[in-house]
Amino acid sequence: MSDVAASRTAVTPGADPVMTHRMILFVIFGLMAGMFLSALDQTIVGTAIRTIGDDLHGLSQQAWVTTAYLITSTISTPIYGKLSDIFGRRPLFIFAIVIFIIGSILASFSTSMLELAAFRAVQGLGAGGLMSMPLAIMGDILAPRERAKYQGYFLAVFGISSLLGPLIGGLFAGTEQILGIAGWRWVFLINVPIGIFALAIVLRFLHIPKHPRHSVRIDWFGAAFVIMALVPLLLVAEQGREWGWGSPIAIGCYVVGAIGIIAFIITEIVMKDDALIPLKLFRSATFSMATVIGVFVGFGMFGAMLTIPLYLQLVMGSTPTESGFQMLPMILGLMIASIGSGQIIARTGRYRMFPILGTAFMALAFYWLTHLQYNTSYWFMAGAMLLLGLGLGQLMQTLTIASQNSVGLRDMGVATSASTFFRQIGGTLGTAVLLSLMFAVMPANIQTSFADEDTLTSALDAALDPDVANDPANAEIMDQIYTPIVSGVTDATTAQIQAGLKKATDAATAAVAAQVAAGTLPPEAQETVTAQAVAQAQATAEAKIQEQIPVARIADDGTVTLDFSNPDERSAFVASIVPKLQDQFSGGSGDKATNDSSLNDTSFLLGADPRLAKPMLVAFNASAVTVYWVAMWVVIVAFILSLFFRTPPLRDKSALQEAVDDAAALEANRAANEMGALIEPTSPRTEELVTVGAGGPPQTRREAREAREARAAAEGGDGGD
């Protein structure tokens, strides 16, 4: 059946698809409530993840938490779209909110990062609907050009959540306990009252024209094969550095993922219009290019953006609350670009320049970020975030609008969810790959940082300073990083001094014994002379040791200690041992500074002496810059593709209005056909309308004309137009 014919059954007879501004605002009010729940959760978790990771001793497993959420939200997105086309948007949106609330409650009981990842996966099942359903509903009730005028309402939600999220997340993360519950657990518990309120708002205000249910097959096999394709590949992206990219388990994941992709494509071909993602959507060059660009943009956006809050907190020393507010330049850029592009789209109906400019701004922002240094000022980074926001603001709505503009009402939900689905795939891959890359290169960057002469000299001098080492604020970083290094150095130095003293005393004793054996010294004088020779040898050795190792202290009984209280003596000692330590770190043997706990729990950096923290900060900066380089090249690919993006003008009518107009034209054609009218009514949208002959099957205009001419000829009359 053609799209027009399908549209005839897509709207309930008698329903008025033309919604007034007041009706639209009520619907948007309901959508805003659900979107606020999802947006607030992301900003709260983003600013609190470091505290959560430190408390659960698994910061390096952060990617599991984020990836699990993205996997389930990605997989569920097209399922929501397909089911909403069948059963309606409202019940699916309500279901998504309920699942999200349940996942939030479960996440608050997490006792490990992997357990939190599992519960975040449940949240993701709800988030898939919270992200895709509002876009599909907007596509139903608003024309593509008109849609841009209402973007301000959603941007207000996004802006408010971006302001409140970091504040609330920082407050919870920075509070040890609230009502007897660990502060960070309220990051998830806060979703419960907000979710219940959002649910009440949706039940009260979200009322849209209903779609009658039509009998279709649900593509459960397609959903299963999506899971089979994505999960193994994402597991490799997350765990590849530990398993080994060519290990048997990794190869097994590659094979299973490839089989899943092939099986999914075959299933979608067999299911045709009832497919989870109908392949006919890709016949549209606009939809196909928007989808591909969305994958690359999602890869760069999700993966790289997740490192920015971490960077602000780890390298710049911001609190979770401060880092949230420091993200405001990006939010400001996003709102400016989105509102501006929305107004231009509403007035002109054209949007080709926005994907080009958006990807260009994003690529420039990531290039800017590759020039970060560990001591770069915040304002340098703020400029990059502003550019990133300006780029995202031009991309987020235009790619979705382009996808919706390429399909009719019947496929509006699945097209919207498919567009979101592929962008989420890019985001999920970006999160897994880029965060894994960051923590994979971190140990090597720490080694490189410690191998730098100035950095190592400054850090070691501070670690050996008794005042610094005994400062409670430095206790954790000393235990995690420097105590093993300092102990190794001092133990080796003490052993060297003791060996030198023993060698001197042994030499003196042997010399006296040789004199006795040669007869030049009476045996009865051996003990006295030996004591004198040993004392003299020790004095000589001590003087030489003191000259070579100024911090050495040798007691009368031969006990060796090291005193680092004198700055000049400590500096001289540090200068003498730095070359050897540099060789160790350059050769990769200084792994005591890069144990797992130093990557899983970074709380030891809070309040630590800057000289002690510098090697870790330099290493994290270098790791983040590596991520930004990769993100930049991925977005550059998206920029090149956007140059070939064909963008037909946007339609002036909503999908519901078009469906009713077509249905009305069909009814008029049927009436004209039955009454024998000389002129057929025409649809303002299509040239090849489907008309219905009396009691016959659907016919095109040409078929109807030929049928009338045949009847007229049989009756001896003129049935032509």
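Computed from heavy atoms alone, side chains included, the values below leave out hydrogens, waters and symmetry copies.
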### Query
Would you find a donor on one side and an acceptor on the other, under 3.5 Å apart, between the side chain of Ser458 and the backbone of Thr455?
no
### Task
Heavy atoms only: give me the nearest Ile79-Ala223 pair and the separation to one decimal.
CD1-CB, 3.6 Å
### Beyond-backbone contact of Val292 with Phe296, side-chain heavy atoms, under 4.5 angstrom
yes
#### Entry: Student check: side-chain heavy atoms of Leu312 and Tyr378 closer than 4.5 Å
yes
### Query
Hey, does the side chain of Trp368 reach the backbone of Leu387 with a donor-acceptor pair shorter than 3.5 angstrom?
no
### Message
Keeping Ser288 on the side-chain end and Phe282 on the backbone end, is there a donor-acceptor pair under 3.5 Å?
### Response
yes
### Message
Ile261 vs Leu233, test: side-chain contact (heavy atoms from CB on, under 4.5 Å). Steps then yes/no.
### Response
CA-CA 11 Å; Ile261 292 173; Leu233 298 179; 4.2 Å; yes
### Message
Is any side-chain heavy atom of Ser318 closer than 4.5 Å to one of Gln326?
### Response
yes
### Message
I'd like to check Leu388 versus Phe361 (side-chain heavy atoms, cut-off strictly below 4.5 Å). Are they in contact?
### Response
no
### Query
How many angstroms lie between atom CD1 of Ile293 and atom CG of Leu399, to the nearest 0.5 angstrom?
6.0 Å
### Query
Do any N or O atoms from the side chain of Thr72 and from the backbone of Tyr69 form a donor-acceptor pair under 3.5 angstrom?
yes
### Summary
Residues Ser623 and Val441: closest non-hydrogen pair is OG-CG2, 3.6 Å
### Query
Is the Tyr628 ring parallel, tilted or perpendicular to the Phe366 ring (thresholds 30°, 60°)?
parallel
### Query
Is the closest side-chain heavy-atom distance between Phe639 and Leu643 below 4.5 Å?
yes
### Summary
Closest non-hydrogen contact found for Val256 with Pro232 is CG1-CG, 3.7 Å
### Main-chain N/O of Gln373 paired to Thr376 side chain as donor or acceptor, under 3.5 Å
yes
### Task
Keeping the roles fixed (side chain from Thr359, backbone from Pro355), state whether a donor-acceptor pair exists under 3.5 Å.
yes
### Query
side-chain contact (heavy atoms from CB on, under 4.5 Å) between Leu612 and Ile481: does it pass, once the steps are laid out?
CA-CA 9 Å; Leu612 298 177; Ile481 304 295; over 6 Å; no
### Query
If you measure from CZ on Arg646 to CE on Met289, what distance do you get to the nearest 0.5 Å?
9.5 Å
### Message
Taking the side chain as everything from C-beta on, heavy atoms only, tell me whether Phe645 gets closer than 4.5 Å to Ile356.
### Response
no
### Task
Calculate, to the nearest 0.5 Å, the distance between atoms CE and CD1 belonging to Met327 and Ile308 respectively.
5.0 Å
### Message
If you compare all heavy atoms of Glu268 against all heavy atoms of Ile277, which two are closest, and at what distance to 0.1 Å?
### Response
OE1-N, 2.8 Å
### Summary
In terms of heavy-atom contacts, Gly128 and Tyr80 come closest through C-CD1, 3.7 Å
### Side chain Thr370, main chain Val625, donor-acceptor under 3.5 Å
no
### Task
Output the distance between atom OG (Ser449) and atom NZ (Lys614), rounded to the nearest 0.5 Å.
7.5 Å
### Approximate separation, where rounding is to 0.5 Å, of Met438 CE and Thr626 OG1
10.5 Å
### Message
When you compare the side chains of Gln394 and Ser338, does any donor N or O come within less than 3.5 Å of an acceptor on the partner?
### Response
no
### Query
Quick one: are Ile344 and Met353 in side-chain contact, heavy atoms under 4.5 Å?
yes
### Message
I need the Leu334 CG to Leu328 CG distance, nearest 0.5 Å.
### Response
12.0 Å
### Query
Is the shortest heavy-atom distance from the side chain of Val295 to the side chain of Arg423 under 4.5 Å?
no
### Message
What verdict does the side-chain contact (heavy atoms from CB on, under 4.5 Å) test give for Phe380 and His371, after you've listed the backbone C-alpha separation in whole Å, the side-chain angles of each residue and the deciding distance to 0.1 Å?
### Response
CA-CA 9 Å; Phe380 181 90; His371 292 79; 4.0 Å; yes
### Task
Taking Asn621 for its side chain and Leu372 for its backbone only, find out whether a donor-acceptor pair lies under 3.5 Å.
yes
### Query
What are the two closest heavy atoms between Phe287 and Ser403, and how far apart are they?
CD1-CB, 3.8 Å
### Task
Please lay out, stage by stage, how Leu434 and Phe299 fare under the test side-chain contact (heavy atoms from CB on, under 4.5 Å).
CA-CA 9 Å; Leu434 295 182; Phe299 186 100; 4.1 Å; yes
### Task
Could you check Leu357, Ile636, Leu395 and say which one makes a side-chain contact (heavy atoms from CB on, under 4.5 Å) with Met362?
Leu395
